[in-house]
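Worksheet: one structure, shown below.
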2 protein chains.
Amino acid sequence: MAKKTTIYDIAKELNITVSTVSRALNNISTISERTRESVLEMAKKLNYRPNKVASSLTSGKTFIIGVLLPSAQIQFFASVIHSLEKYLKSFGYSILLYQTNESLESEKNGISTLLEAQVDGIIASLSLETQDLSHLGKVKEEGKPLIIFDRTHDDLLVPVVKIDDELAGYMATKHLLDQGYKKIAYITTKHHIKIFKERYDGYQKALEEAGLEAHAAYAIFGELTVDGGYLGTHQLLRLKERPDAIIGGDDYVALGIIKALHEHQITPPTIGVIGFANQNFSEHIIPSLSTIDQQAIQMGKECAKLFLKIIERKDSDDKEMEPVVLKPILLARESTNRKSARSLHS
Amino acid sequence: MAKKTTIYDIAKELNITVSTVSRALNNISTISERTRESVLEMAKKLNYRPNKVASSLTSGKTFIIGVLLPSAQIQFFASVIHSLEKYLKSFGYSILLYQTNESLESEKNGISTLLEAQVDGIIASLSLETQDLSHLGKVKEEGKPLIIFDRTHDDLLVPVVKIDDELAGYMATKHLLDQGYKKIAYITTKHHIKIFKERYDGYQKALEEAGLEAHAAYAIFGELTVDGGYLGTHQLLRLKERPDAIIGGDDYVALGIIKALHEHQITPPTIGVIGFANQNFSEHIIPSLSTIDQQAIQMGKECAKLFLKIIERKDSDDKEMEPVVLKPILLARESTNRKSARSLHS
């Protein structure tokens, strides 16, 4: 039996997107008359019969998905979006992005703006300011799916894709301990967004397991920036008992740590340095920077898969969905490689 | 005489966006009944009288602007958008982003998607694939303004904001010459997008002025990536007459150049290295990287200003508008600082 023609086949033949085909067949939107005609012709030629179930699912659909994110300037988010977009585009979806720049007011406006743009659903990561969640209810009210990724909130009963941040903090610390470091400091930020607290919890857990104490003077709560790492490190180096390793809250903080160490003629791994997020530059600086990869690509893909699952089922029991929790990956590089640095010199 | 109440005043009083006020007053979109009522109440309280001219301009407006860009993963674009957004948000506009990921097909789809989302206009930067421009005509057909930034095309008769790329290439080369470098190589990419060719033209011009020839073996056309810089540098170091300075097509290429030099135990500025784009990391690596700043913040602001000018005039002589051309800025840092490196050693 011949395979049934789908709108994907029509799109492929005409070298246009599934979204365009769907719009043409459903007689919606601003498709040009010429495009509409060529779609209808091709549909006829390929003997396309609309699937009744599918067409009830797709009627009224715009094949546009709204993505709300704190900022594409944060490389982690840019990577998640890139991956999510790639996956969803292959299913005929277009993505519209809205940046909140960490403002709750802007996030509220973003939800309205995306809903007014007639998106089929929203995939969102919360701003640092977000504590009141009522604006997110509007998505549900319009009967559209909402998925939250990375920056989540306990009170949200929607499907979630996140990473195990406590494990990330634990892995960074455990790696330093395995390399023989014992006086491990941590430069991070104080914030109600859970991920930073969870990473710090992981740090404390790893120290405890090793029978070490988390020295209060070794925890610096500053800005998550190059300057934050730089200033924090100068503060740590003034201590009577200097740390022998420093964890940076992200790779930019780690860059500031290395810069400050350099001014004291110290090069990692003499003092070990590790970051989070595996920025593009981290592998390539000298010495190369150890870091914890947060699986941005995988996170984008999981969001996309979850979205397709929900939108194709179109039921509303997604409250009971288990969160998708990804495992971070340790990338051990020169900046913490004390063991081989030692063997080189012995 | 008391100042006339505007929708900005109402927005401020209610701590909501101008966009929301406009939507409420114009009875459009999915504003909640409660919000609409509070806007109407406040309008009454503040004795607001709609300006007839302004309201003919704003009626039907969504206060949403579409921005089409190659990729927010390219930090330059992320910075332009961030600046543009900040400026336009203060005028009550929301921004929806669409990424083309350098695909012409996706760019076509993006234009349709943004128009269907009822944006008031589009600000765009072209994909590397874009040569046929017919899809951009649709914006004009709907009577909406279109502005192109950075990645432009000669055949486009629309307002443009760009940077003087020939000058950027010239400045990088002239700086190296001023530092006493004479054998200057260039690792870049071959592409029909004008900016890369223009920068290379600037390089040749600066050499010519100095009475030097552009040595064919010193021009490497590869990938604009860390690997591109790394491979290109190894190729250059195999030459009988090695260059004494290398220009990288961007800061990531420069990172690859430094990495390859390091494997030959060479540290800049012994061989000078300069990049383009002033990435976040460039100032902070060791040695710090000289680069050409491409004025992303200013570019975003100029796009926003131009957009407001056009949308408020609402006439169509924008064809005759002169392009806004920004001047690049040289950021001279350690990686090319041969003169003080020498004086330190003498």
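Naming: A, B, ... by sequence-line order, numbering from 1 per chain.
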| message | So which residue, A:Gln279, A:Gln75, A:Lys86, A:His284, ends up with the most heavy-atom pairs under 4.5 Å with chain B? | response | A:His284
| message | Please report the interatomic distance CG(B:Leu88) to NZ(B:Lys301), rounded to the nearest 0.5 Å. | response | 12.0 Å
| Rounded distance (nearest 0.5 Å) linking atom OG1 of A:Thr225 with atom OH of A:Tyr252 | 11.5 Å
| remark: The salt bridge (Lys or Arg N to Asp or Glu O under 4.0 Å) partners of B:Glu102 (sequence neighbours excluded) come to B:Arg151
| Region of A:Gln73 that comes under 4.5 Å of a non-hydrogen atom in chain B | both
| message | Over 60° means perpendicular and under 30° means parallel, so tell me whether A:Phe307 and A:Tyr93 are parallel, tilted or perpendicular. | response | perpendicular
| request: Give the ring-plane orientation class for B:His264 versus B:His234, where under 30° counts as parallel, over 60° as perpendicular and anything between as tilted. | output: tilted
| Of the backbone (N, CA, C, O) and the side chain (C-beta and beyond), which part of B:Ser79 lies under 4.5 Å from a heavy atom of chain A, both, or neither? | both
| task | Name the member of A:Leu255, A:Ile258, A:Asn15, A:Leu96 that forms the most heavy-atom pairs with chain B at distances under 4.5 Å. | result | A:Leu96
| So which of B:Glu105, B:Lys108, B:Gln99 has the biggest tally of heavy-atom pairs under 4.5 Å with chain A? | B:Gln99
